[in-house]
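Computed from a predicted structure; not experimentally measured.
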Amino acid sequence: MNPNTGFVDYNCRDAPLYDGCGGGQGKTYPCGGYPPDRQVVQSFQAGETINVRFGNAQFGSPGQPPLQPTSNQARHAGGLCEFALSYDNGRTFGVFARYHGSCPDMYYDWPVRLPDNIPSCESCIFAWTWINAAATQAEFYMGCADIKIVGKVGGSTLPPEIANVAPRLANMPGYPYYHAPGDQFGNTKSNGPNPSEVDANSKSLTGGVDTVFQPMYSKRKRDRSLHRRLGVFSN
């Protein structure tokens, strides 16, 4: 749990958005409806690579078992992970990196490189979104952190090639309902990120318009059982 969070949500922190967690409508878009962090979590340079790691409250915490290859990560056969930045307090987001197929998976690093040409910010939002591949319910997850970026001098907005491409939104009120293509490993350890996407993300080549993704439309289910995940990142 982020020690600088403005609200500690032990009950719903790993839940998807709008799943009814907590007895109401659940977490809302963007960032679960949580308040900003009390202070910036981390500082990065434009052009720096962030090695994203995923976690789950069921593993690694005091009294919890260690993660094993056969552990149920609730990763739902992966899906689509997108990584975005917001320079206007979450009103808009621009996608700068993405992984298709096996993301997320707690066993691997998922490196994403901040673009070289983004401006500096004292407090902007780093966001991760995920559309799952398999589960009774097609879901939308989102995790956010307030970060500082030391970038180019001047300007306060994202470059247009990023700013003009918002995260793919689905499985929430008013949006389409579908799963994302995933892998064959279900909730257990996968083969990890596609090497070609790792290479592309290391060169800031996966942001902007997504020419790969194909949604998998299906009839919406009424099962509201919780399938929980938590996204975090570190160097």
Which heavy atom in [X] sits nearest to a heavy atom in [Y], and how many Å separate them?
| X | Y | value |
| --- | --- | --- |
| L169 | P176 | O-CD, 4.0 Å |
| S190 | Y108 | O-OH, 2.5 Å |
| V52 | V112 | CG2-CG2, 3.9 Å |
| A46 | G151 | CB-CA, 3.7 Å |
| A97 | N201 | CB-OD1, 3.2 Å |

Would the distance check show the side chain of [X] and the main-chain N or O of [Y] forming a donor-acceptor pair, the cut-off being under 3.5 Å?
| X | Y | value |
| --- | --- | --- |
| Y177 | A138 | yes |
| N56 | Q58 | yes |
| R75 | T188 | yes |
| Q73 | M106 | yes |
| N194 | S102 | no |
| T206 | R98 | yes |
| N171 | E139 | yes |
| R168 | P215 | no |
| D199 | P195 | no |
| W128 | F54 | no |

Exercise. What do the steps show when you test F93 against L85 for side chain to side chain contact (heavy atoms under 4.5 Å, CB included), and what is the final call?
Worked result: CA-CA 5 Å; F93 289 86; L85 295 170; over 6 Å; no
Under 3.5 Å, is there a donor-acceptor pair between the [X] and [Y] side chains?
| X | Y | result |
| --- | --- | --- |
| T49 | N51 | no |
| Q42 | D146 | no |
| H100 | D210 | yes |

Problem set entry | Sequence neighbours excluded, every pair satisfying salt bridge (charged side-chain N to carboxylate O under 4.0 Å, His left out) that has a member inside residues 120-138 | E122-K148
Problem set entry | Note: D105-K189 ion pair, threshold 4.0 Å (strictly below) | no
Exercise. Is it true that K203 and D116 have a side-chain N and a carboxylate O under 4.0 angstrom from each other?
Worked result: no
Exercise. Yes or no on side chain to side chain contact (heavy atoms under 4.5 Å, CB included) for I149 and C121, after CA distance, side-chain angles and deciding distance?
Worked result: CA-CA 5 Å; I149 295 176; C121 65; 3.8 Å; yes
Exercise. In terms of ring plane angle, is the pair Y217 and Y178 parallel, tilted or perpendicular, where the classes change at 30° and 60°?
Worked result: perpendicular
For this session: Could I get the full list of ring-ring contact (aromatic ring centres under 6.0 Å, His included) partners for Y99, not counting sequence neighbours?
Result: W110
